[in-house]
Amino acid sequence: MDIVTQMKKFVEPKSVAIIGVSRSPRRMHEVAFDVLTNLVNCGYRGKIYPIHPQASKIRGLKAYATITDAPGDIDLAVVNLPRDSVPGIVKECVSNGVKAIIIITQGFADANDAQGKQLQRKIDNVIKGTDTRILGPNTFGTANAFINFSSSFLETQMEKKPVGLVCQTGVFFLSPPGLEFIGKTIDLGNSSDVDFSDGLAYFEQDAETKVITLHIEGVSDGTRFLKQANQVVRKKPVIVLKTGRSEQAARAAQSHTGSLVGKDEIWDVVLKKAGVIRVSDIEELGDTTRAFYTLPLMKGRKIGIITWTGGFGIMGLDACQRFGLELAKLSSLSIDRLNALSPSWQDIDNPADIWPAVGIAKKGSLLEVLEVTVKNFLDDIEVDAVLCVLGVFGPTIGIGLRQLVERTAKSHPDKPLVFYCYGPLRDEAKAGLEKTGKTLVFPSPDRAIRALEHLADYSEFRMKC
């Protein structure tokens, strides 16, 4: 069985057996810590087989004493039992033709005792030479918003976004702030069998995934991983948050998953060589991922900056220098058109401070001046992307900005247009702008330009392939 077919049983199962179901799920603050309850609440439409030796029905579903008693083929078994029981259950699953097993239970390679390591070896020996694959142990498993599936024992926040995530912590299932966009997720846990290379192989061919994100603490086979990553990035961007940079953090990561972590300097070099985009923190991971599934790639590295205050223009200049983008040199035609809007005492250029032009415009039209400026910047062949830094002090401005984006997206679909908004109505403006699906509003000019840098870097890599 090929890797992609194997991985589909984890991410796109048509039937699931849940082994280790409680008849009375543990609750904390009205939240059920129970795989079956959360799977039913997700609205999953596949077949569900609760396995319990002493129950005939659980949560309204017929229960079976053993997996052998469950009718039909089972794509996926989810195991949440005390660790001593797990090797025997895995053997039962293999004997009954189950090809994919998620082990939620902790205390194997991640344990500090010899027994955990021994139990891990027993599991490895059970599946050796078979077509059965194991995800975990010590994992939340998988989630797929497109089929309303999650194997997590906690409620999973999912959105049908074109993002595939492979991680080594279940916290991503809980949608940390800035990462509320995961469409499909694979938590490797200890990564005793299924690993990053398997996840990359699956997402490479998955038509619903446009961007692949990885949270890495360590890998077991670095050569295979880099070869697979280099193959995938020729089709789709791969964004990596590699943690465990310091020696102390690296030791903690090795204890967490039992993976090989490696020196951080080496990771920097090999990821860049493979064409993978490395980010430094959660905020950058979120910004970069959104940029790739929302915006077109930059064709070059030249940016235009439009502001209502010169101070923010200077901040944008600093950010361009820091993140390796260039300030676009506007054509003489663009400069002439912009000067025609401005008072005689101002020579306008890039960055373009358009507030003086607003002061002399008919009826003091903010949006009219802004739209003409944006159009000129996007029309200019020297400009590869535009950042607008704007104050939002009235509801009509937010509405006008949304309409502006919709018009410019049609006329310039190949150039990113992004925003940093400030003022009392910035949140409302952000919501309206991002509802267009054509732009992003960043928390700072620096974060906007950093995200554009990644678009430019990946574009350059693809052109060299």
Side-chain angles (χ1 to χ4, degrees), residues 237 239 272 275 277 279 284 287-288 290-342 346-354 357 369-390 401 404-405 407-421 433 438-442 444-465:
I239 305 163
K272 185 175 182 178
I277 300 155
V279 297
E284 189 177 0
D287 291 346
T288 308
R290 282 190 170 82
F292 273 103
Y293 75 72
T294 304
L295 304 171
L297 295 178
M298 289 180 65
K299 294 184 176 180
R301 307 189 72 84
K302 298 175 182 177
I303 188 170
I305 301 174
I306 302 169
T307 79
W308 285 351
T309 168
F312 275 124
I314 294 170
M315 292 180 196
L317 279 169
D318 287 341
C320 284
Q321 184 174 10
R322 185 159 52 253
F323 296 116
L325 296 183
E326 305 171 34
L327 203 65
K329 182 177 175 61
L330 299 179
S331 68
S332 57
L333 178 59
S334 295
I335 290 175
D336 288 344
R337 287 173 174 171
L338 294 173
N339 280 329
L341 295 173
S342 306
Q346 182 189 29
D347 290 328
I348 200 164
D349 206 330
N350 182 25
D353 177 0
I354 63 173
V369 172
L370 176 63
E371 182 150 10
V372 171
T373 308
V374 169
K375 184 178 185 302
N376 273 284
F377 270 61
L378 292 173
D379 283 344
D380 198 312
I381 61 171
E382 293 297 317
V383 177
D384 299 309
V386 175
L387 166 64
C388 291
V389 182
L390 306 171
L401 287 175
L404 182 155
V405 166
R407 288 192 291 269
T408 55
K410 291 179 181 178
S411 59
H412 298 85
D414 59 338
K415 290 187 179 183
L417 170 63
V418 298
F419 293 82
Y420 164 61
C421 294
L433 284 165
K438 305 295 183 182
T439 190
L440 292 173
V441 180
F442 291 90
S444 71
D446 285 48
R447 284 173 63 172
I449 290 173
R450 183 176 62 182
L452 293 175
E453 175 216 4
H454 290 311
L455 294 179
D457 288 346
Y458 182 65
S459 181
E460 285 183 356
F461 176 84
R462 286 288 297 269
M463 286 189 287
K464 293 175 183 176
C465 292

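Hydrogens, waters and symmetry mates are skipped; everything else that's a heavy atom, side chains included, is used.
Listed here is the closest heavy atom pair of H454 and V279: NE2-CG1, 4.1 Å. The minimum heavy-atom distance linking V383 with V386 is given by the pair CG1-CG2, 3.8 Å. The two residues F442 and Y420 make their nearest non-hydrogen contact at O-CD1, 3.3 Å. The heavy-atom pair separating S444 from R447 by the smallest distance is OG-N, 3.1 Å. P237 and F292 get closest at one heavy-atom pair: CG-CD2, 3.6 Å. For F323 against E453, the heavy-atom pair with the smallest separation is O-CG, 2.9 Å.
Taking CG of D353 as the reference point, atom CD1 of I305 lies at 12.0 Å (rounded to 0.5 Å). From L417, atom CG reaches atom NZ of K438 across 12.5 Å, with rounding to the nearest 0.5 Å. Here the CD1 atom belonging to I381 is positioned 10.5 Å from the CG atom belonging to L333, to the nearest 0.5 angstrom. Distance check, rounded to the nearest 0.5 Å: NZ of K302 to CG of N350 gives 11.5 Å. One distance of note links CD of E382 with CD of E326; it measures 10.0 Å at 0.5 Å rounding. For the atom pair CZ of R337 and CD1 of I348, the computed distance is 14.0 Å after rounding to the nearest 0.5 Å.
Looking at R301 and D457, a side-chain N of the basic residue comes within less than 4.0 Å of a carboxylate O on the acidic one, giving a salt bridge.
A donor-acceptor contact shorter than 3.5 Å is absent between the side chain of D287 and the backbone of A451. In this structure, the side chain of S459 does not engage the main chain of L297 through any donor-acceptor pair within 3.5 Å. Checking side-chain atoms of N339 against main-chain N and O of D347 turns up no donor-acceptor pair under 3.5 Å. Distance alone, capped at 3.5 Å, places no donor-acceptor pair between the D384 side chain and the A328 backbone. Panel note: side chain D380, backbone N376; no donor-acceptor pair is recorded below 3.5 Å.
Between C388 and the options L433, I306, I354, a side-chain contact (heavy atoms from CB on, under 4.5 Å) holds for only I306. Of the candidates L387, L327, I303, P351 forms a side-chain contact (heavy atoms from CB on, under 4.5 Å) with just one, namely L327.
No side-chain heavy atom of T439 sits less than 4.5 Å from a side-chain heavy atom of T408. The closest side-chain heavy-atom distance from V389 to W308 is not below 4.5 Å. Counting only heavy atoms from C-beta outward, the side chains of K375 and R407 never approach each other to under 4.5 Å. With contacts defined as side-chain heavy-atom distances shorter than 4.5 Å, the pair T288/R450 does not qualify.
Every residue two or more places apart in sequence or in another chain that forms a side chain to side chain donor-acceptor pair (under 3.5 Å) with K299 is listed here: D414.
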